[in-house]
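Here's the structure, in structure tokens; my notes come after.
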Amino acid sequence: MLEYVKAIEDVDIDLFRPLIRFMNDTVANPHSKHVELLAWLIDYKPRPNRVKDMYDVSGDDQNKTPSINLVENDQTQSEDVEISLVAGNAPEPPKINKRVIALSALSLLVLFVGLFFAFRGRNNIVQKCMYWNGEEFKPIACDEKPDDTNAVVIAKDSDKMVHFRRDTRADTLTASSIGKIWYIKINGRVEYYTAPGAPPLYPDRRLLPLTVYILNKYPRSPG
């Protein structure tokens with residue numbers, strides 16, 4: 001038995017690849033010598049082919065080392081693969097389970113909808129209040145403190161958040177701004193706003209509509 005093991009160990013391992021392909025069922029028509037060799041290696045009985053065509057069995061079997069014909073080149077391997085493909089025995093692609101795909105798509109849809117409403121609810125909590133940052137109203141949670149500790153947090157007013165701003169480019173005002181801009185005079189300085197109402201820092205006062213007189217009387221510098 002040691003002679004057989006030594007004979008196998010002396011052979012290039014790449015020459016056994018046809019046996020691997022045969023066992024993996026990737027070759028449609030394996031060569032008979034590969035079938036017989038595999039049967040001999042696993043001691044399969046009865047042998048699928050005639051031993052005398054594969055081995056030198058003349059003389060005493062116990063004193064002879066089998067002559068194993070494993071001569072094969074890349075061309076033969078290519079032919080085996082080509083024959084398999086031509087015969088239509090190539091491995092079939094995995095079947096697509098439409099039900100699994102549909103369930104996966106539905107799960108993703110439910111996940112996205114859940115995330116949407118979760119973030120929407122979170123934003124609604126944040127936007128229940130607002131504060132004045134010096135130029136416009138910003139949304140904030142009612143129990144949150146703005147960076148400017150002097151800023152007052154008040155209930156949200158969507159209209160003011162969109163339309164009420166301080167116009168910091170007073171130097172760009174012209175006669176066409178009349179009816180679109182409001183002002184207030186504080187300590188000799190005029191501030192301009194984009195909507196009527198009370199100035200955020202002086203809630204007890206009211207903004208006045210811009211007039212030609214105010215437009216011409218007070219210098220209009222940025223800020």
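Here the side chains of Glu191 and Ile186 are in contact, with some heavy-atom distance below 4.5 Å. Between Leu207 and Pro196, every side-chain heavy-atom pair lies at or beyond the 4.5 Å cut-off. Taking 4.5 Å as the limit, some side-chain heavy atom of Met161 sits within range of a side-chain heavy atom of Pro139.
Of all heavy-atom pairs between Ala195 and Phe164, the closest is O-CE1, 3.4 Å. Taking every heavy atom of both residues into account, Leu210 and Ile178 meet most closely at O-CG2, 3.5 Å. The nearest pair of heavy atoms linking Leu215 to Ala175 is CD2-N, 3.6 Å. Residues Ala141 and Val153 share a closest heavy-atom pair of O-CG1, 4.4 Å. Looking at every heavy atom in both residues, Trp132 comes nearest to Ala151 through O-CB, 3.9 Å.
Rounding to the nearest 0.5 Å gives a distance of 9.0 Å between CD1 of Ile140 and NZ of Lys145.
Partners of Asp157 under the side-chain contact (heavy atoms from CB on, under 4.5 Å) rule, at least two apart in sequence or in another chain, are Met130, Asp159, Lys160.
Salt bridge annotation for Arg165-Asp167: absent, with no cationic side-chain nitrogen under 4.0 angstrom from a carboxylate oxygen.
Under the 4.5 Å side-chain heavy-atom criterion for ILVMFWY residues, a single connected hydrophobic cluster contains both Ile184 and Val152.
Counting only distance, with no hydrogens or angles, the side chain of Asn133 and the backbone of Glu135 share a donor-acceptor pair below 3.5 Å.
For residues 175-185, the pairs satisfying side chain to side chain donor-acceptor pair (under 3.5 Å) are Thr174-Ser176, Lys185-Tyr218, with sequence neighbours left out. Contacts classified as side chain to side chain donor-acceptor pair (under 3.5 Å) and involving residues 200-215 (residues at least two apart or in different chains) are given here: Tyr213-Lys217.
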Task: Derivation and outcome, salt bridge (Lys or Arg N to Asp or Glu O under 4.0 Å), residues Lys138 and Glu136 - done: CA-CA 6 Å; Lys138 289 290 187 178; Glu136 61 182 343; 3.3 Å; yes

